[in-house]
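Reading through the structure tokens given below for one structure.
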There are 2 protein chains.
Amino acid sequence: MMKRTKQKEAILSVLRSTTSHPTAHWLYAEVRKEIPNISLGTVYRNLRLLRESGEISEIDFNGTFSRFDGKPDNHYHFKCEKCGSIFDVGEPVNNEINERVARKTGFRISRHWLQFSGLCKEC
Amino acid sequence: MMKRTKQKEAILSVLRSTTSHPTAHWLYAEVRKEIPNISLGTVYRNLRLLRESGEISEIDFNGTFSRFDGKPDNHYHFKCEKCGSIFDVGEPVNNEINERVARKTGFRISRHWLQFSGLCKEC
DNA sequence: TTAGGTGCAAAACCTTTGCCATCCC
DNA sequence: GGGATGGCAAAGGTTTTGCACCTAA
């Protein structure tokens, strides 16, 4: 069972207060403003716990490090190939596709991810 | 300009002869059967060169390391949450969606990835 | 009370890079 | 020759882990 600690609450709160899909290290820097002696290991440990419990999700989007997303609902992402920023895409989530592909392949499909890349408005 | 070397050919040939979307390390082990003293650095260097020239692609699918795909055409993937295997999905690629999302967001979109996860037939 | 969490530092891990030798064009 | 590549080893950066001490439930 997962304890609610002030470190965990702070990480979750920072993650939910931004739309920027930050990295673990950025979250670490932010949370340190509030809890100066929190360790990077604790940040990673809590991000894993929160991911496993489904409260946050991890975006794996061609890159050397993970980015995290505090929104509970499923949605799609866009990554700018130049500046690396990640944005949410408003495109409605297609839930039928899981079932269609499941019928076709014989796999049990529980979710899907859709990611776009290109150039953002600034680049 | 990219030279064709026997190391590069061997890597490409191994990658194209499997449907398993292997990791760099697996490719290294396979290619070593043919070129015993090839180095892991060379494998990584050639994978990067081949990726940059568009001959192969890299799949980033929640995981600590990259997997590679020797097929030049765009297609979708499924990852088993239990055994970690990655399979191709026959679902036709939807090319209109790039344009639709581009109109909606104002970004210039050049490509997209679609990934499914769940349980494969064996798991 | 105690199972789970924290801080710290070191380890583990994948990937890239520097250096110099080597191989083709 | 000379630019691109290879092999090796070391560096780089992200993430995990061992351990002793704490703390929420």
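Please read these numbers as outputs of a predicted model, since none were measured by experiment. Computed over heavy atoms, backbone and side chain alike; hydrogens, waters and symmetry mates excluded.
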Quick one: [X] [atom1] to [N] [atom2], roughly how many Å, whole number?
X	N	atom1	atom2	result
E34(B)	dG6(D)	CD	P	14 Å
N46(B)	dT5(D)	CG	C1'	8 Å
R48(B)	dA4(D)	CZ	P	13 Å
Y28(B)	dC14(C)	OH	C1'	14 Å
N37(A)	dA9(C)	CG	P	12 Å
L40(B)	dG7(D)	CG	C1'	11 Å

(message) Is the shortest side-chain heavy-atom distance between C123(A) and C80(A) below 4.5 Å?
(response)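 Side-chain contact under 4.5 Å: yes.
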(message) I want to check something: taking the side chain as every heavy atom from C-beta on, are R67(B) and K79(B) in contact at a cut-off of under 4.5 Å?
(response)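 In short, these two side chains do not touch, never coming nearer than 4.5 Å.
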Under a plain distance cut-off of 3.5 Å, with no hydrogens placed, do [Y] and [X] share a side-chain donor-acceptor pair?
X	Y	result
Y44(A)	R48(A)	no
E58(B)	S66(B)	yes
H112(A)	N74(A)	no

(request) Using five pairs at either end of the helix from dT1(C)-dA25(D) to dC25(C)-dG1(D), determine the angle between the two local helix axes and round it to 10 degrees. (result)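 If I round to tens, the end axes sit 40° apart.
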(request) Run the ring-centre check on F107(B) versus F116(A) and record whether the distance is less than 6.0 Å. (result)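 No, too far apart.
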(request) Answer with base, sugar-phosphate or nothing: what part of the nucleic acid does T23(A) contact at a heavy-atom distance below 4.0 Å? (result)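 Since no nucleic acid heavy atom lies under 4.0 Å of T23(A), the category is nothing.
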(message) For a quick check of understanding: with a heavy-atom distance under 4.0 Å over all strands, which category does Y44(A) fall into, base, sugar-phosphate or nothing?
(response)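 Here Y44(A) touches the bases of the nucleic acid.
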(message) Tell me whether E122(A) at atom CD has more than 12 heavy atoms from other residues, nucleotides or ligands lying less than 6.0 Å away.
(response)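 Count not over threshold, so no.
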(message) Tell me whether R51(B) at atom CZ has more than 12 heavy atoms from other residues, nucleotides or ligands lying less than 6.0 Å away.
(response)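 Yes.
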(request) Just compare dG7(D), dT15(D), dG7(C) and give me whichever is closest to any side-chain atom of I35(A). (result)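 For the I35(A) side chain, the nearest candidate turns out to be dG7(C).
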(message) Short of 4.0 Å, heavy atom to strand atom, which residues of residues 2-16 of chain A count as contacting DNA chain C?
(response)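 Going residue by residue through residues 2-16 of chain A, the ones with a heavy atom under 4.0 Å of DNA chain C turn out to be M2(A), K3(A), T5(A), Q7(A), K8(A).
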(message) Could you check whether the side chain of R45(A) and the base of dG4(C) have a donor-acceptor pair of N or O atoms closer than 3.5 Å, going by distance alone?
(response)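 Side chain to base: no pair below 3.5 Å.
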(request) Could you tell me whether the phosphate oxygens of dC8(D), OP1 or OP2, come under 4.0 Å of any side-chain nitrogen or oxygen in S39(B)? (result)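 Answer is no, no contact under 4.0 Å.
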(request) Decide, yes or no, whether a salt bridge links K6(B) with E34(B) under the criterion of side-chain N to carboxylate O below 4.0 Å. (result)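 A salt bridge is absent here (no side-chain N lies under 4.0 Å from a carboxylate O).
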(request) Report the residue (G41(A) or L49(A)) whose heavy-atom-nearest nucleotide on DNA chain C is the more 5′ of the two. (result)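 Of the two residues, L49(A) wins.
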